[in-house]
2 protein chains.
Amino acid sequence: MSSTPERLIETTRELLWERGYVGTSPKAIQQRSGVGQGSMYHHFDGKPDLALAAITRSAEERLTTAEALFGGPGTATERIAGYLRGERDVLKGCPIGGLTQDPEVMGDPALRRPVEETFSTLRARIAGLLGEGVARGEFGAGLDPVTTASTVVAVLQGGYVLARAADSVEPFTEAVDGVLDLLAAHAPAAK
Amino acid sequence: MSSTPERLIETTRELLWERGYVGTSPKAIQQRSGVGQGSMYHHFDGKPDLALAAITRSAEERLTTAEALFGGPGTATERIAGYLRGERDVLKGCPIGGLTQDPEVMGDPALRRPVEETFSTLRARIAGLLGEGVARGEFGAGLDPVTTASTVVAVLQGGYVLARAADSVEPFTEAVDGVLDLLAAHAPAAK
DNA sequence: GTCTATATATAGATAGAC
DNA sequence: GTCTATCTATATATAGAC
C-alpha cells in the first residue's frame, strides 16, 4: 500500500516522462493516480511543487543506477559499455534529458537544478573512469577524459533522440556501437 | 513585405523552436505574428496544419544547410568537423531534434515524417562521407561508416541536451571535440 | 481576406464543508 | 485528509458580418 503523496509522485514521474512538464496537467495526474483534487492540493502546493518532487526522485534514481555500474567490477571500457548498453525504454527517451526541452522546467531554477546536477555528475564520473583507463594503459595517452566523457553522455542522449525520430531502437544501438568501437580503436594495443 | 501565410509560418517556426508543439498556442502565434484570428484560420485549417508547414520548412532548411557543407571541399573529417562545429544557437537546441520530445508531434504521422526523414537522410549522408574516407585511407579499415554516422549525429543532438542542461555551450563543445578526437585517432597514420 | 462574437473544454487553482 | 463547488484564464476553434 503506497501513501497518497507517494502515488502522486510516482504518477507525476510517469506523466513527465511521457508528456513533459507543459503537457502534464494536474487533472491528468489526479485521474491516473486516483487521487482527488483537494487531496492533491493538500499534499502539494501545486504543479511545480509536485514536479520538483518527481524530478528530484528521477534524477536520484538515474544517478544511483549509473553509480551501481560505475562502481562495479571491470575495465573502464567495460563499465562504460555496460552503462550505454544497459538502457531500457529507449523509445521513451531519457526521463531527465527530455526535460531540457521544456522551457518551463529550464526557466525555473528549482526544477532545473536536479537536471543540471544529473549531467554534471555523470560527466565528471565518466571522466574519472576514463582517466583511470588512460592511467592503466587501457587507452592511448592522447585520450582526453573530460571531452570524451561529454561525448559518451551526448551519444546516449542523442541516441534517444534518433531512436524516437525513427520510432526504432536501431539508430540508438548504432550510435552506441559506433562510439564504443571508436574507444576500442583508441587502445594502445590497437596502435 | 512578407505575405500573411508567410508571417504565420515563420512565427510558428520560432515558437515551435522555443516552446515546442504542446507549448505553442494559436493565440501566441497570432500575437507574435500580428495576424488576426480569422485571418489565421482562413489560411490554415488549424494548429496541426500550420505546424506541418513550419516543421516541413525547418526540416528542409536543416538539410539544405548540411548539404552545402557535405557537398563542399575537404576531407571527410574536415566536412564532418565543419558540420559539428558550425552549429549556432546551441542553447536553443535543435529545431527538429527537440520535436522528438513532443508526444503530439510523434503521435501524428504527418508531423512526424519530416522529423524522421531529416535524421535518416543525415545519417545516410554522413555514412557515405565516412565510407569515402575509409576508401581513401583517411580512416582505418575497421571503421564502420553506418554506426559511426549515427554516433556523429547523436553527439550533435546529445550535445544540445547537455548544453541546455548546463545552460552553457561548454559540454556541447566538449562532446564535439571528443568525438572528433576519437575519429582523428582512428586514422591509419596514427596507428 | 480580415474582423468580432461566441462556444466548449481544459488548465490550474482556491474555498469551505465534511 | 478528502470532497465538491466555484473561479479566472487560456486552448482551440466556428460563425457570420464587413
Side-chain angles (χ1 to χ4, degrees), chain A residues 1-56 98-99 101-112, chain B residues 1-56 98-99 101-112:
Chain A
M1 277 298 277
S2 60
S3 66
T4 296
E6 190 58 27
R7 259 178 298 142
L8 285 168
I9 293 174
E10 286 302 313
T11 300
T12 303
R13 293 208 313 143
E14 289 172 18
L15 285 169
L16 286 180
W17 194 2
E18 293 170 19
R19 310 203 26 96
Y21 182 82
V22 172
T24 296
S25 68
K27 179 183 244 180
I29 295 170
Q30 292 151 26
Q31 287 176 338
R32 191 183 287 195
S33 66
V35 171
Q37 196 165 21
S39 193
M40 181 189 125
Y41 281 103
H42 172 76
H43 292 287
F44 294 93
D45 281 352
K47 179 174 160 178
D49 186 35
L50 187 42
L52 177 58
I55 294 174
T56 301
L99 297 172
Q101 200 49 37
D102 224 304
E104 318 261 320
V105 173
M106 294 297 101
D108 181 333
L111 296 181
R112 179 205 202 88
Chain B
M1 278 296 280
S2 59
S3 66
T4 295
E6 190 58 26
R7 260 177 297 143
L8 285 167
I9 293 175
E10 286 302 313
T11 299
T12 302
R13 290 202 322 136
E14 290 173 18
L15 284 168
L16 286 180
W17 196 1
E18 293 169 19
R19 312 206 21 99
Y21 183 82
V22 171
T24 296
S25 68
K27 179 184 247 179
I29 296 170
Q30 291 151 26
Q31 286 176 339
R32 190 181 288 194
S33 66
V35 171
Q37 195 164 21
S39 193
M40 181 188 125
Y41 282 103
H42 171 74
H43 292 287
F44 294 94
D45 281 351
K47 178 173 159 176
D49 186 35
L50 186 42
L52 177 58
I55 294 174
T56 301
L99 296 172
Q101 201 49 39
D102 223 303
E104 317 263 320
V105 173
M106 293 298 101
D108 181 333
L111 296 181
R112 179 205 202 87

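The sequence lines fix the lettering, A, B, ..., with proteins before strands; numbering per chain opens at 1.
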- Task: Examine distances only and state if a side-chain atom of B:Ser33 and a backbone atom of B:Thr11 form a donor-acceptor pair shorter than 3.5 Å.
- Result: no
- Message: If I compare all heavy atoms of B:Gly23 with all of A:Val22, which pair ends up nearest, and what's the gap?
- Response: CA-CG1, 3.8 Å
- Item | Non-hydrogen atoms of A:Asp102 and A:Tyr21 that approach each other most closely | OD2-N, 2.8 Å
For nucleotides 11-15 of chain C, list the nitrogen or oxygen atoms of the protein found under 3.5 Å from its nitrogen or oxygen atoms, one pair per line.
residue : atom : partner : partner atom : Å
C:dA11  : OP1  : A:Ser25 : OG           : 3.2
C:dA11  : OP2  : A:Ser25 : OG           : 3.4
C:dG12  : OP1  : A:Lys47 : NZ           : 3.4
C:dG12  : OP2  : A:Lys47 : NZ           : 3.3
C:dA13  : OP2  : A:Lys47 : N            : 3.1
C:dA13  : O5'  : A:Tyr41 : OH           : 3.0
C:dA13  : N7   : A:Gln37 : NE2          : 2.8
C:dA13  : N6   : A:Gln37 : OE1          : 3.3
C:dA13  : N6   : A:Gln37 : NE2          : 2.6

- Contact span of DNA chain D against chain A, any nucleotide atom under 4.0 Å from a heavy atom, 5' to 3', runs D:dG1 to D:dA5
- Of all residues at least two apart in sequence or in a different chain, which pass the side chain to side chain contact (heavy atoms under 4.5 Å, CB included) check with A:Thr4? A:Arg7, A:Leu8, A:Val35, A:Ser39, A:His43
- Task: Identify, residue by residue, the members of residues 7-15 of chain A with a heavy atom below 4.0 Å from DNA chain C, and return them in order of residue number, or none.
- Result: none
- Item | Any residue meeting side-chain hydrogen bond (donor to acceptor under 3.5 Å, both in side chains) with A:Glu10, in chain and number order, not counting sequence neighbours | A:Arg13, A:Arg57
- Might you point out which heavy atoms bring B:Thr12 and B:Ala51 nearest each other, and give the distance in Å? CG2-CA, 4.3 Å
- Task: Sorted by first residue and then second, give each salt bridge (charged side-chain N to carboxylate O under 4.0 Å, His left out) pair with at least one member in residues 24-43 of chain A; sequence neighbours left out.
- Result: A:Glu14-A:Arg32, A:Glu18-A:Arg32
- Message: Taking salt bridge (charged side-chain N to carboxylate O under 4.0 Å, His left out) as the cut-off, I'd like each qualifying pair that reaches into residues 35-54 of chain B, sequence neighbours left out, listed once.
- Response: none
- Check side-chain hydrogen bond (donor to acceptor under 3.5 Å, both in side chains) between B:Gln31 and all other residues, then give those that pass, not counting sequence neighbours. none
- Would A:Met106 and A:Gln101 count as a side-chain contact (heavy atoms from CB on, under 4.5 Å) if you check the C-alpha gap in whole Å, the side-chain angles of each, and the deciding distance to 0.1 Å? CA-CA 8 Å; A:Met106 294 297 101; A:Gln101 200 49 37; over 6 Å; no
